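Heads up: the structure comes next, in structure tokens.
Note that the structure is predicted; figures quoted are calculated from it, not measured. Only this structure's heavy atoms are used, side chains among them; waters, hydrogens and symmetry mates stay out. Numbers restart at 1 for each chain; the letters A, B, ... are given by sequence-line order, proteins then strands.
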Protein chains: 2
Amino acid sequence: MEVKTAVTALTALAQESRLRVFRLLVRAGSDGQPAGEIADSLDIPPATLTFHLKELSHAGLIDSTREGRSIRYSIREQGVCELLTYLLQDCCNGQPELCGSKRKK
Amino acid sequence: MEVKTAVTALTALAQESRLRVFRLLVRAGSDGQPAGEIADSLDIPPATLTFHLKELSHAGLIDSTREGRSIRYSIREQGVCELLTYLLQDCCNGQPELCGSKRKK
DNA sequence: TCGATAATTTTACTATTATAGAAATATGGA
DNA sequence: TCCATATTTCTATAATAGTAAAATTATCGA
């Protein structure tokens with residue numbers, strides 16, 4: 001992964017509304033959630049949410065598929081994984097987990 | 001962890017110079033590196049580097065200790081760990097590793 | 001205490017990002 | 001086709017962040 005790619009992904013996450021969307025989608029699992037539900041859950045105006053969803057999407061952190069009148073968004077596991085790998089590369093004397101055993105469920 | 005804390009940490013990482021510093025320090029391990037060396041390695045002017053180190057420091061991602069005329073910076077494992085935990089909370093049906101097995105050394 | 005070196009603070013300028021109303025577009029049902 | 005619903009695009013304004021030169025502070029050795 002290139003520095004700029006990682007910066008794009010981190011910039012996408014470094015904003016309260018987007019981080020809340022991201023975490024909501026992490027919890028939602030692979031089914032994800034339609035834009036309208038996300039807007040309602042997090043109380044974000046539709047136009048604003050669209051702006052943020054696009055940021056997360058361009059950053060490769062979420063996917064979307066149309067489903068009738070709605071568009072369903074979900075976490076893009078690969079993107080998240082690549083980012084974490086990049087962040088922790090060469091850490092901990094070759095053991096890639098910085099804190100695997102301490103991490104809560 | 002609170003949303004704002006996580007946003008602060010992610011904002012700190014979401015910038016090319018700071019991400020390069022962060023990754024350099026990840027590689028450096030617990031010994032860390034003095035500011036001057038970091039500035040030389042990454043070709044960043046001292047005043048600019050100080051600004052970025054402060055951001056990383058306020059975000060709880062790095063520590064510093066004076067060592068003679070130099071100040072040595074190093075990764076703050078706990079801060080990094082808490083951030084990752086927050087990001088991936090409740091993911092993967094209770095398995096906290098999003099991509100543990102796929103992560104490169 | 002003086003000079004040299006290391007890092008920080010101050011400051012000003014530039015650039016980027018967030019927000020959300022209003023209008024536009026896309027879909028499905030009557 | 002026409003209407004209601006879901007989301008996006010356009011747009012303008014407000015707020016935040018990045019850069020780095022110049023001056024300042026801290027430490028060490030002579």
Side-chain angles (χ1 to χ4, degrees), chain A residues 3-25 28 31-74 76, chain B residues 2-25 28 31-76:
Chain A
V3 181
K4 289 184 199 295
T5 310
V7 168
T8 301
L10 289 162
T11 301
L13 294 172
Q15 205 279 332
E16 184 163 335
S17 297
R18 287 196 294 266
L19 184 53
R20 288 169 69 218
V21 170
F22 178 85
R23 300 219 318 144
L24 185 73
L25 291 179
D31 287 347
Q33 258 191 279
E37 271 186 30
I38 300 173
D40 289 346
S41 304
L42 303 181
D43 197 32
I44 298 172
T48 304
L49 180 63
T50 293
F51 170 81
H52 291 307
L53 287 171
K54 199 171 285 180
E55 295 281 309
L56 288 167
S57 191
H58 283 157
L61 296 172
I62 62 174
D63 280 325
S64 63
T65 50
R66 182 169 275 278
E67 206 170 69
R69 270 177 276 204
S70 299
I71 296 178
R72 181 172 287 271
Y73 287 87
S74 58
R76 183 165 165 270
Chain B
E2 300 215 349
V3 181
K4 287 183 201 295
T5 310
V7 167
T8 301
L10 289 163
T11 301
L13 294 172
Q15 205 280 332
E16 183 161 336
S17 297
R18 287 195 294 267
L19 184 53
R20 288 169 70 216
V21 170
F22 177 86
R23 300 219 320 146
L24 186 73
L25 292 179
D31 287 348
Q33 257 190 276
E37 272 186 30
I38 300 174
D40 289 346
S41 307
L42 304 181
D43 197 33
I44 297 172
T48 302
L49 180 64
T50 293
F51 170 82
H52 290 308
L53 288 171
K54 199 170 285 179
E55 295 281 309
L56 288 166
S57 193
H58 283 156
L61 295 172
I62 63 175
D63 280 325
S64 64
T65 51
R66 182 170 277 278
E67 204 169 71
R69 271 177 275 205
S70 297
I71 296 178
R72 181 172 288 270
Y73 287 87
S74 58
I75 285 291
R76 184 165 165 270

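In this structure, B:L42 atom CG and D:dA20 atom P are separated by 13 Å, rounded to whole Å. Rounding to whole angstrom units, CG of residue A:L56 and P of D:dT8 are separated by 12 Å. Summarising the geometry, the separation between CG on B:D43 and P on D:dT19 is reported as 13 Å, rounded to the nearest angstrom. Following rounding to the nearest Å, B:R20 (CZ) and D:dG18 (C1') show an atom-to-atom distance of 15 Å. Separating the CD atom of A:Q33 from the C1' atom of D:dT7 is a distance of 16 Å, rounded to the nearest angstrom. Following rounding to the nearest Å, A:K4 (NZ) and D:dG18 (P) show an atom-to-atom distance of 14 Å. When rounded to the nearest whole Å, the span between CD of A:E16 and P of D:dA15 equals 17 Å.
B:S64 is linked by a side-chain contact (heavy atoms from CB on, under 4.5 Å) to B:I71, B:Y73, counting only residues two or more places apart in sequence or in another chain. The side-chain contact (heavy atoms from CB on, under 4.5 Å) check on A:S74 picks up A:D63, with sequence neighbours excluded. In this structure, the side-chain contact (heavy atoms from CB on, under 4.5 Å) partners of A:T5, at least two apart in sequence or on a different chain, are A:M1, A:E2. For B:R20, there are no side-chain hydrogen bond (donor to acceptor under 3.5 Å, both in side chains) partners at least two apart in sequence or on another chain. For B:T11, the side-chain contact (heavy atoms from CB on, under 4.5 Å) criterion is met by A:A14, B:V7, not counting sequence neighbours.
With a 4.5 Å cut-off on side-chain heavy atoms, B:F51 and B:R18 count as touching.
To the nearest 0.5 Å, atoms CG (A:L53) and CG (A:L61) are separated by 12.0 Å.
Within residues 57-73 of chain A, the residues approaching DNA chain D are A:R69, A:S70, A:I71, A:Y73, by heavy-atom distance under 4.0 Å. Applying a 4.0 Å cut-off to non-hydrogen atoms, the residues of residues 44-53 of chain A that approach DNA chain C are A:P45, A:A47, A:T48, A:F51, A:H52, listed by residue number.
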Using atom types as modelled, flag every donor-acceptor pair under 3.5 Å from a side chain in residues 38-48 of chain B to any protein atom, sequence neighbours excluded.
from: B:S41; atom 1: OG; to: B:E37; atom 2: O; distance (Å): 2.8

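Judged as a salt bridge (charged side-chain N to carboxylate O under 4.0 Å, His left out), the pairs with a partner in residues 4-15 of chain B (not counting sequence neighbours) are, in order, A:E16-B:K4.
Using a 4.0 Å cut-off, no side-chain N or O of A:Q15 falls inside it from OP1 or OP2 of D:dT16.
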